[in-house]
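Convention: sequence-line order gives letters A, B, ...; per-chain numbering from 1.
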Amino acid sequence: MIRAVKGTRDLLPPSTSVWNHVEAVARGVFRSYNYHEIRTPLLEETQLFARGVGEETDIVTKEMYTFEDRDGSSLTLRPEATASVMRAYIEHRLDQRPGMQKLYYMGPMFRRERPQKGRYRQFFQIGAEAIGSESPVVDAEVIEMVVDLLEGVGLEGFTLLLNSVGDSKCRPAYISQLREALAKVAPNLCEDCQRRVITNPLRVLDCKVAEDQPIIDKLPSILDHLDEACRQHFETVQQLLRDRKIPFEVRPRLVRGLDYYMRTTFEVVHGALGAQNSVLGGGRYDGLAEAIGSKVAAPGIGFSIGEDRLVMTVENAVKGEALDLLIAALGEAALKRSAELARGLRSLGLSVEIVSDRRPKRALELADKSGARFAAIVGDEELLSGIVGVKNMRTDEYVSVAFENIAEGLRSNK
RNA sequence: GUGGGUGUAGCUCAGCUGGUAGAGCGCUGGAUUGUGGUUCCAGUGGCCGAGGGUUCGAAUCCCUCCACCCACCCCA
């Protein structure tokens with residue numbers, strides 16, 4: 001048997017209606033903040049991610065789906081979208097368009113990791129990027145939008161974590177101090193951390209091993225090492241969030257795995273997701289444009305939602321897309337008349353199913369099992385009288401109406 | 001890449017110390033020529049993850065491999 005490849009999956013009904021719901025809510029929220037959709041290719045030149053995401057990151061060193069094209073060039077299935085959006089921004093000179101560019105996207109990303117709960121090799125992200133401004137006002141609005149979106153799809157009990165990771169001017173100094181401090185305590189840390197001390201000292205801050213916590217708490221905090229500009233920026237973002245009554249927790253130890261982040265970073269976590277508790281991550285990336293070879297500066301901030309994870313948390317809260325009417329047609333003539341009726345109803349946006357190969361009882365049973373709102377039987381009697389008995393499957397109400405009045409009845413009961 | 005767990009019907013799972021498969025749910029039909037949800041009856045269903053070994057005989061014991069899940073790493 002041929003199966004879906006490891007880490008990929010088929011999304012089947014009724015689950016797909018949850019996905020549609022999440023995406024519809026997202027589009028609505030994006031529209032209300034004046035964001036517009038951008039669609040970039042799933043394939044990019046490998047260099048884009050190597051430079052944009054960071055040569056040393058896990059994504060680039062071991063998780064990318066990279067292959068050689070027939071002409072010898074190296075292509076990669078996108079592991080994330082921000083670099084692509086920035087590439088498109090530069091390529092099409094969107095900086096020349098009036099005002100800031102507020103863009104959103106949704107679609108599949110690919111990373112070759114070992115799958116587990118909430119993690120797939122093909123996974124879906126919904127994200128947005130605001131490019132063309134360094135202002136903390138934009139940071140606050142992006143975060144406000146994120147909260148709107150999550151609440152809009154019905155997510156409850158999430159926590160917004162906030163931090164600033166400084167910029168290219170103040171972060172290097174902090175990291176060297178951190179290295180110094182780590183050198184002294186390294187032998188007392190867990191095995192993973194001892195490795196991180198060398199590979200990526202910031203990651204030590206993210207360690208979850210209980211015994212390490214007291215040691216990590218004593219390490220220097222990035223927030224004490226921000227330069228004046230970064231400190232101001234971070235202060236303002238926090239003030240604007242308070243003004244908007246958006247609850248958040250400052251987590252000086254919140255670090256992100258992608259090299260391009262600077263200043264504001266944030267994350268939304270939710271229990272009930274297993275070990276992968278992060279639903280969304282984002283931050284500012286003022287140096288990204290230059291990193292991928294742009295001559296013009298393009299400061300920006302964005303975020304990305306793990307749609308698979310979000311759907312997991314709201315799966316039960318969303319109702320499916322119910323069938324409006326199931327018609328049991330008895331005989332040739334009735335089938336013909338039913339098809340006419342269905343055509344009219346469908347053109348009004350109602351969903352209709354015709355069943356002509358089952359006894360009425362079985363047809364009703366099917367209506368019940370498929371969650372139809374109404375059911376009707378069309379046979380010789382109805383053809384003669386022009387009157388159909390329409391049954392409300394939820395309330396058991398049963399009304400006789402003329403063929404031409406069915407639409408109205410269905411719609412008023414919706 | 002590393003650990004742990006699990007693989008028997010479409011789904012959830014029973015099958016004790018070896019005697020070549022069961023239940024519930026589902027699906028199809030009937031009881032009930034045209035009105036669902038309850039009941040009852042019948043039918044449909046499986047190279048017991050794959051290969052090899054032990055044995056007269058293996059779903060069951062042994063070995064190898066594979067797949068899926070969870071976790072680590074890391075991230076959405």
If you compare every side-chain N and O of [X] against the phosphate oxygens of [N] (OP1, OP2), does one of them come in below 4.0 Å?
X        : N      : result
A:Lys62  : B:rC74 : no
A:Lys369 : B:rG26 : no
A:Arg359 : B:rG34 : yes
A:Arg9   : B:rC68 : no
A:Gln116 : B:rC70 : no

For a quick check of understanding: with a heavy-atom distance under 4.0 Å over all strands, which category does [X] fall into, base, sugar-phosphate or nothing?
X        : result
A:Tyr120 : base
A:Gly281 : sugar-phosphate
A:Gln122 : nothing
A:Lys391 : base
A:Glu381 : base
A:Ile377 : base
A:Glu63  : sugar-phosphate
A:Gly118 : base
A:Asp308 : nothing

Is atom CD of A:Glu45 surrounded by more than 12 heavy atoms (other residues, nucleotides or ligands) closer than 6.0 Å? no
Can you check the [X] [atom1] to [N] [atom2] distance for me, whole Å?
X        : N      : atom1 : atom2 : value
A:Leu384 : B:rG34 : CG    : P     : 19 Å
A:Leu366 : B:rG29 : CG    : P     : 10 Å
A:Glu365 : B:rU39 : CD    : P     : 12 Å
A:Glu113 : B:rG1  : CD    : C1'   : 12 Å
A:Asp58  : B:rC72 : CG    : C1'   : 13 Å
A:Asn277 : B:rC72 : CG    : P     : 10 Å
A:Leu330 : B:rU33 : CG    : C1'   : 10 Å
A:Glu397 : B:rU35 : CD    : C1'   : 16 Å

Candidate nucleotides [options], ranked by approach to the side chain of [X] - the nearest:
X        : options                : value
A:Phe123 : B:rG29, B:rA76, B:rC73 : B:rA76
A:Leu364 : B:rC69, B:rG34, B:rU35 : B:rU35
A:Asp368 : B:rG37, B:rG34, B:rA76 : B:rG37
A:Arg114 : B:rG1, B:rC73, B:rG34  : B:rG1
A:Arg3   : B:rU32, B:rA67, B:rC74 : B:rA67
A:Pro360 : B:rG34, B:rG29, B:rC70 : B:rG34
A:Gln276 : B:rG29, B:rC72, B:rU2  : B:rC72

Between A:Arg362 and A:Ser304, which is nearer to the 5' end of RNA chain B once each is assigned its nearest nucleotide? A:Arg362
For A:Gly7 and A:Gly389, find the nucleotide of RNA chain B closest to each by heavy atoms; which residue's nucleotide sits nearer the 5' end? A:Gly389
Is [N] paired to anything, Watson-Crick or G-U wobble with both distances less than 3.5 Å, and if yes, which nucleotide?
N      : result
B:rU2  : B:rA71
B:rC48 : none
B:rG43 : B:rC27
B:rG22 : B:rC13
B:rA59 : none
B:rU35 : none

Work out how far the [atom1] atom of [N] is from that of [M], and round it to whole angstrom.
N      : M      : atom1 : result
B:rC72 : B:rC61 : C1'   : 33 Å
B:rC25 : B:rA76 : C1'   : 36 Å
B:rG7  : B:rU60 : P     : 13 Å
B:rG10 : B:rU6  : P     : 22 Å
B:rA42 : B:rC62 : C1'   : 43 Å
B:rU44 : B:rG22 : C1'   : 16 Å
B:rG29 : B:rC65 : C1'   : 44 Å
B:rA9  : B:rA14 : P     : 12 Å

Are [X] and [Y] close enough for a salt bridge, meaning some N to O gap below 4.0 Å?
X        : Y        : value
A:Arg343 : A:Glu340 : no
A:Glu365 : A:Arg358 : no
A:Glu397 : A:Lys391 : no
A:Asp167 : A:Arg263 : yes

Please determine, by modelled atom types, if A:Ser84 and A:Glu44 share a side-chain donor-acceptor pair under 3.5 angstrom. yes
If we ignore angles and hydrogens, is there a donor and acceptor under 3.5 Å between the side chains of A:Arg27 and A:Tyr104? yes
Using 0.5 Å steps for rounding, measure from the CG atom of A:Leu383 to the CZ atom of A:Phe403. 5.5 Å
Could you tell me whether A:Arg111 sits above the aromatic face of A:Tyr65, with NZ or CZ closer than 6.0 angstrom to the six-membered ring centre and within 45 degrees of the axis? no
